[in-house]
Structure formats: C-alpha cells, structure tokens
Amino acid sequence: MDVLDFTGRTVLVVGGSSGIGNGIARSFLARGATVHVWGTRAVAADYDGEAGSDLSGLHYSCVDVADADAIERWEAPFATLDVLVQSQGTVVYRRGEFAREGWDKVMAVNLDSLMLIATRFRAALAAEGGGAMIVVSSISGFQANIGNPAYSASKAGAISLTKVLGKAWAREGIRVNGIAPGLVATKLTAVTTENPERLAGALAAIPDGRQGTPADMGNAALFLASPLAAYVTGHTLVVDGGLSL
C-alpha cells in the first residue's frame with residue numbers, strides 16, 4: 001500500500017492559489033486527491049501566467065479570509081474533509097505593522113482566520129474517522145523579525161494554536177500539525193528573493209545553501225497528512241534548510 005496515495009481524499013488548501021499553498025495543493029493533486037483552493041482574486045483565470053501559480057486541475061473559490069462572514073458563507077461542495085491546509089498569509093513592509101492598520105490587517109489574515117476556518121471545518125474533519133489539519137506558519141514565529149512585529153507575532157500565535165488545537169481535537173480524530181518554512185520564493189518574500197544582494201546574504205545563512213521550494217513544503221504536508229505521521233500531534237515541523245539553527 002502506498003501511504004502517500006490520496007486517491008479518493010478531499011483536500012482544501014486555503015491560500016492555495018499561489019506560492020507555498022499552491023505547491024502544497026499540487027502535491028496533493030499529484031497524489032490523487034480532489035483539491036479545492038481558496039484565493040483572493042475573483043476567478044482562477046485571474047492568476048493565468050503568474051509565476052508560482054498553477055490552478056490547472058484544482059477547484060478554485062474566491063474567499064477573503066479577513067472577512068469572517070465570507071468564511072461562513074462559502075458553500076462547501078463536500079460534506080466531509082480529509083485534509084485542511086491553512087496556508088494563508090500577508091505581510092506589511094516599511095514598518096507598516098507598527099501602526100494599527102497594518103497590525104490589524106496582518107493579524108486578521110495570519111491568525112484570526114486560522115481559528116475561524118478551523119472551527120468552520122471542524123465537523124467535516126471529524127467525520128468518518130477524522131482528518132488532518134496543517135497550519136503553515138514560519139520560522140519567524142520562533143524568532144524576532146524586528147521590522148514586522150505583526151507577522152512574527154501572528155506566526156508565533158499560529159504555532160501555539162497548532163499545539164492547542166492538536167490537544168483539544170485529538171480525541172475527535174483530528175490531527176493538527178504545522179509547517180514552519182524558511183526562505184521560499186513567493187510574493188511575500190520577493191523583497192529578498194528578487195534582490196541579488198539580499199538573496200546572497202540570505203543564502204549564506206542557510207546551511208543547505210539554497211532556498212526552499214513550494215514543492216519542499218508540499219512534501220512535508222504530504223507526510224503530516226499521511227499515516228506516516230499517525231502519531232504526530234500538535235507539532236510544527238521546521239522546513240528551512242537549517243536557516244534557524
């Protein structure tokens with residue numbers, strides 16, 4: 001039996017329209033799952049031609065996760081859910097997170113929506129023996145990111161919430177775990193990955209000597225959602241090439 005075969009399984013990847021979320025969505029699709037993704041643009045075609053975004057074969061919906069009512073209004077095309085991946089995220093640069101508007105924006109997307117969505121799909125995950133939820137945080141949740149207080153605090157909160165829900169929902173058959181990526185080229189990290197000088201400095205600090213890829217995060221998600229991780233609960237797996245060592 002192939003324990004990484006997700007044929008017949010239903011997966012929802014919030015933030016699956018691009019970047020890390022898209023890499024995770026495509027990893028599950030390649031393993032046979034029916035994969036639904038949420039993004040911020042009106043229709044899937046709005047992502048056509050954008051680097052790091054491939055929605056072919058995925059079921060796309062536009063849902064603003066900063067809007068609690070939008071999360072509740074979404075009509076799920078499934079009654080049960082095998083895997084929920086929460087990969088939504090935003091950041092405000094130029095010290096904008098020190099202001100209330102920037103702080104509130106980042107917290108709404110990066111932390112508040114995690115609990116709203118987890119609660120929204122709790123029953124679907126618990127049905128038919130239970131499923132898995134995976135929260136994508138960041139190594140910034142383990143250390144200080146002095147220019148982005150809301151980003152770091154929200155990711156630390158995501159790591160803590162993963163522990164809490166992992167313990168709270170384990171008896172319902174829901175395994176809650178997380179992934180903390182290091183440097184991965186996405187829209188949020190373009191300020192570094194598209195600046196040769198900054199990228200060189202970042203790579204010099206990574207023992208593995210390279211950036212991570214969305215596919216790397218997809219492999220970690222496959223593991224955490226599979227029977228290989230059946231005895232792993234409330235844990236956030238650091239996937240950063242050694243950057244945080």
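In this structure, the side chain of N110 does not engage the main chain of Y151 through any donor-acceptor pair within 3.5 Å. R175 places no side-chain N or O within 3.5 Å of a backbone atom of G166 that could act as its donor or acceptor partner. With hydrogens and angles ignored, the 3.5 Å screen pairs a side-chain donor or acceptor of T189 with a backbone N or O of V184. No donor-acceptor pair closer than 3.5 Å links the side chain of N177 to the backbone N or O of L224. Judged by distance alone, the side chain of S53 and the main-chain N or O of S17 form a donor-acceptor pair under 3.5 Å. Not a single donor-acceptor pair under 3.5 Å links the side chain of Y93 to the backbone N or O of N148.
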Go through the steps for V238 and S244 under the test side-chain contact (heavy atoms from CB on, under 4.5 Å), then give the verdict. CA-CA 9 Å; V238 175; S244 59; 3.8 Å; yes

Please evaluate residues H36 and L81 with respect to the criterion side-chain contact (heavy atoms from CB on, under 4.5 Å), reporting the C-alpha separation (whole Å), side-chain torsions for both, the decisive distance (0.1 Å), and the verdict. CA-CA 10 Å; H36 300 264; L81 185 61; over 6 Å; no

Show your working on side-chain contact (heavy atoms from CB on, under 4.5 Å) between R41 and E50 and close with a plain yes or no. CA-CA 12 Å; R41 300 182 188 177; E50 183 169 307; 2.7 Å; yes

Please evaluate residues V11 and T34 with respect to the criterion side-chain contact (heavy atoms from CB on, under 4.5 Å), reporting the C-alpha separation (whole Å), side-chain torsions for both, the decisive distance (0.1 Å), and the verdict. CA-CA 6 Å; V11 178; T34 297; over 6 Å; no

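Aromatic ring pairs are classed by plane angle as parallel below 30°, tilted from 30° to 60° and perpendicular above 60°; the pair F121 and W74 is perpendicular.
The distance from the CG atom of L114 to the OG atom of S137 is 9.0 Å, given to the nearest 0.5 Å.
Under the 4.5 Å side-chain contact rule for hydrophobic residues, V85 and W169 do not share a cluster. At a threshold of 4.5 Å between side-chain heavy atoms, the hydrophobic network of Ile, Leu, Val, Met, Phe, Trp and Tyr places W38 and L84 in one connected group.
Proximity of T193 to L183: side-chain heavy atoms (C-beta onward) are separated by under 4.5 Å at one or more points.
A salt bridge links E172 to R122: one of the charged nitrogens lies within less than 4.0 Å of a carboxylate oxygen. With salt bridges taken as basic N to acidic carboxylate O contacts below 4.0 Å, one links R26 and D54.
Under the side-chain hydrogen bond (donor to acceptor under 3.5 Å, both in side chains) criterion, R210 pairs with D216, not counting sequence neighbours. Under the rule for a ring pair (Phe, Tyr, Trp, His ring centres under 6.0 Å), the partners of F28 that lie at least two apart in sequence or sit in another chain are F6.
Counting non-hydrogen atoms of neighbouring residues, nucleotides and ligands closer than 6.0 angstrom, the CG atom of L245 exceeds 12 such neighbours.
Residue F98 belongs to no hydrophobic cluster, having no ILVMFWY side-chain heavy atom closer than 4.5 Å to its own.
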